[in-house]
Enquirer: 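This is the structure, below, for whatever I ask next.
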Amino acid sequence: MKIIDCDTIITNIGELATSLPSQAFTIDNDGIISPVATAHAKDLLDLDLVAKGRAMGDVIRLEDAAIGIKDGVITYAGKRSRLASETTANGAKLIDAGGHLVTAGLIDPHTHTIFDGNRANEFIMRCQGKSYQEIAEAGGGIVASTSATRGATLERLLALGMIRLERMLAAGTTTCEIKTGYGLDQQTELTMLQSILQLSRSQPISIIPTFMPAHAVPKNIEHESYVDDIINHMLLAAKELCSMDEAARHHTYVDVFCDRGYFTLDDTRRIFAKALDLGFLLKVHADEFVNLGATTLACQMGAHSADHLLNVSEKEMDLLAKSHTVATLLPGTSFYLNLKEHARARLMIEKGVAVALGSDFNPGSCHIFSLPFIWGLSCLHLKLTCAEALSALTINAGAAIGLNRKGKPKVGIIAPGCQADINIYSVDRLEEIPYNIGFNPVSKVVKAGKTVFGA
Ligand SMILES: [Zn+2]
């Protein structure tokens, strides 16, 4: 029996499923998860946790389990029978999982959640055979969202963002990244960034901000002069805004859409160099339409993730496997665009790449925010196993947005010392999440130890 210090206990868990990096945790014969002593690390904070390649399948599945929480951090994870009754008698709040499945809260490392306008008409055009590029040439695409977003006030962006985040939370997203990129002028990009920073303080989901004026070149502006404007003015202004925010000061990304018709490899290198100078972290939209070498650049410049990767080369997969750059795959986009080809996730995993999954929630190419749905798509189209998908949506998604790294909080893992972000489902087994594609299996969400969704 273990007497654990906790203020909250999630009990009656039918199946507890969690990615469990072996360099940090072990499970004993009694079914108790505990940290392993490591020679090089004083504690969990010093570790860099990510599941690479086959290690993505290292998922522990425990029946009849319980989780103890103290001050928002997990203090116990393991068999329910091993948790001493004294612990529960000590006034701890009990959350009954009803014999159902429990996982760590899901993490979305790639979203474009802030925008105004809706592009339902464009969806119908696309269904009738028009391509993404044809629609862009006809004034649709990012341009349509840009003009709607430029017309929105900060208050309106906040209200729209709040509704979307409530829906994401209900679908089990406990941490997400959000990008700017529908302003494409300094003022609107900063208003978008401001809305992201404010939303991160005013609702339960943890938000990692990304500044992305390099999402597209605005209409009627010359390519070179827009890139110069980003480098000479916009990044500095974003830095100033972030420096006033405690959380964002040292943890804001700069992202570039490096692809045909958007930004060149040279643009991306120049924008990244300036971003690094200013203390931003890096991520990149790479190899969605064609391969311009963005993934190689991402590995060379220490980007935390390279995203999309439909056309990444095998050589670059080897490079990813050796780097700290996570491959963030977005199967919702290839599904929503009705593409026949999907990212080669299996090969990446065989080669030892750390694969994460994101929604790419945006008004055009992927109007999908549900991570349980993305989980289903990843099994169907990317051929991930159910366990690999869990790692991709939790521990690796965290690493893709700079969490789980040395000195950063550990999320997406149910083990002592990790943040107590937990999803309770209305289904009983891990396989039932992808199986129930299209239905929300999340019944309760616990964020840092507090129930934030579900009764
Ligand atoms: Zn994107």
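Read the numbers this way: they start at 1 and go in the same order the structure lists the ligands and their atoms. Atom set for the values below is all heavy atoms of this structure, side chains included, hydrogens, waters and symmetry mates excluded.
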Enquirer: Sorted by first residue and then second, give each ring-ring contact (aromatic ring centres under 6.0 Å, His included) pair with at least one member in residues 378-400; sequence neighbours left out.
Expert: His342-His381
Enquirer: Test of understanding: with ring pair (Phe, Tyr, Trp, His ring centres under 6.0 Å), list the residues that count as partners of His324, not counting sequence neighbours.
Expert: none
Enquirer: Nearest heavy-atom pair of His233 and Gln186: which atoms, and what distance?
Expert: CB-OE1, 3.5 Å
Enquirer: Check for me whether Arg270 meets the cation-pi criterion with Phe263, that is, NZ or CZ under 6.0 Å from the six-membered ring centre and within 45 degrees of the ring axis.
Expert: no
Enquirer: Without hydrogens or angle criteria, can the side chains of His251 and Lys408 be said to hold a donor-acceptor pair below 3.5 Å?
Expert: yes
Enquirer: Quick one: name the protein N/O/S atoms under 2.8 Å from the Zn ion (ligand 1), chain by chain.
Expert: His110 NE2, His112 NE2, His285 NE2, Asp360 OD1
Enquirer: May I have the list of side-chain donor-acceptor pairs in residues 155-163 shorter than 3.5 Å, sequence neighbours left out?
Expert:
{"from": "Arg156", "atom 1": "NE", "to": "Asp116", "atom 2": "OD1", "distance (Å)": "3.3"}
{"from": "Arg156", "atom 1": "NE", "to": "Asp116", "atom 2": "OD2", "distance (Å)": "2.6"}
{"from": "Arg156", "atom 1": "NH2", "to": "Asp116", "atom 2": "OD1", "distance (Å)": "2.8"}

